Amino acid sequence: DGPTMPVSLVIPAHTPTISALGVLSAQLTQPTMDFQFTATDPTADLGAPITVWFTLGCGGEPEVGVANGTPTNAVVRVTVPNPRMREKAGSDPVGTHCSLAVRVSDTKGFESNTLTTTLDFK
């Protein structure tokens with residue numbers, strides 16, 4: 001019903017890139033799980049700690065959150081809560097076969113690609 005107001009878009013000259021996602025530990029009885037990946041950014045503005053966004057789906061409602069990643073050279077290590085330890089009474093049960101999706105954002109808020117993997121809590 002009329003013209004649309006103009007909107008400003010920011011197209012970054014660079015974005016962070018992540019690769020080589022791997023799960024380091026996923027134990028049923030531990031309160032946390034650990035994973036790592038390689039992160040690069042052409043302008044080296046990932047920050048320290050690095051902001052890591054994750055989705056961990058193990059059946060029921062997925063665990064969605066943000067965590068601080070600890071960089072060592074280009075490898076970033078992250079610890080997140082074990083979703084099995086956060087089950088609520090009356091909610092759908094959390095399984096042991098899970099999917100993990102991860103991305104990072106740099107200090108300017110530009111986001112990387114998203115990596116996914118599957119894992120089994122043992």
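Quick caveat: nothing in here was measured; it's all calculated off a predicted structure.
- The CD atom of Q30 lies 7.5 Å from the OG atom of S25; values are rounded to the nearest 0.5 Å.
- For T15, the side-chain contact (heavy atoms from CB on, under 4.5 Å) partners at least two apart in sequence or on another chain are P12.
- Residues T79 and M33 form no side-chain contact, since every pair of their non-hydrogen atoms from C-beta on lies 4.5 Å or further apart.
- Counting only heavy atoms from C-beta outward, the side chains of C98 and L56 approach each other to under 4.5 Å.
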Just do the side chain to side chain contact (heavy atoms under 4.5 Å, CB included) check on V104 and S112 with the steps written out, would you?
CA-CA 5 Å; V104 301; S112 72; 3.6 Å; yes
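- When atom types are taken as modelled, the side chain of S105 and the backbone of F110 share no donor-acceptor pair closer than 3.5 angstrom.
- Side chains of P81 and T32 form no contact here, defined as non-hydrogen atoms less than 4.5 Å apart.
- Summarising the geometry of F121 relative to L119, their closest heavy-atom pair is CE1-CD1, 3.7 Å, with the distance given to 0.1 Å.
- Checking each of T117, L24, L100 against F35 for a side chain to side chain contact (heavy atoms under 4.5 Å, CB included) leaves exactly one that passes, namely L100.
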Could you list the donor-acceptor pairs under 3.5 angstrom formed between side-chain atoms of residues 42-50 and any protein atom two or more places apart in sequence or on another chain?
from : atom 1 : to  : atom 2 : distance (Å)
T43  : OG1    : H14 : NE2    : 3.0
T43  : OG1    : D41 : OD1    : 3.4
T43  : OG1    : D45 : OD1    : 3.1
T43  : OG1    : D45 : OD2    : 3.4

Decide yes or no on side chain to side chain contact (heavy atoms under 4.5 Å, CB included) for Q36 and V78, but give the supporting numbers first.
CA-CA 6 Å; Q36 73 179 21; V78 185; over 6 Å; no
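- For A20 against L115, the heavy-atom pair with the smallest separation is N-CD1, 4.2 Å.
- In the hydrophobic clustering, V66 connects to W53, either directly or through intervening members, whenever side-chain heavy atoms lie under 4.5 Å apart.
- In this structure, F37 and L21 approach most closely via the heavy-atom pair CB-CA, 4.0 Å.
- Applying the salt bridge (charged side-chain N to carboxylate O under 4.0 Å, His left out) test to residues at least two apart or on different chains, the pairs with a partner in residues 13-36 are D34-R77.
- For E111, the side-chain hydrogen bond (donor to acceptor under 3.5 Å, both in side chains) partners are R103, not counting sequence neighbours.
- Under the side-chain hydrogen bond (donor to acceptor under 3.5 Å, both in side chains) criterion, no residue pair touches residues 65-74, with sequence neighbours excluded.
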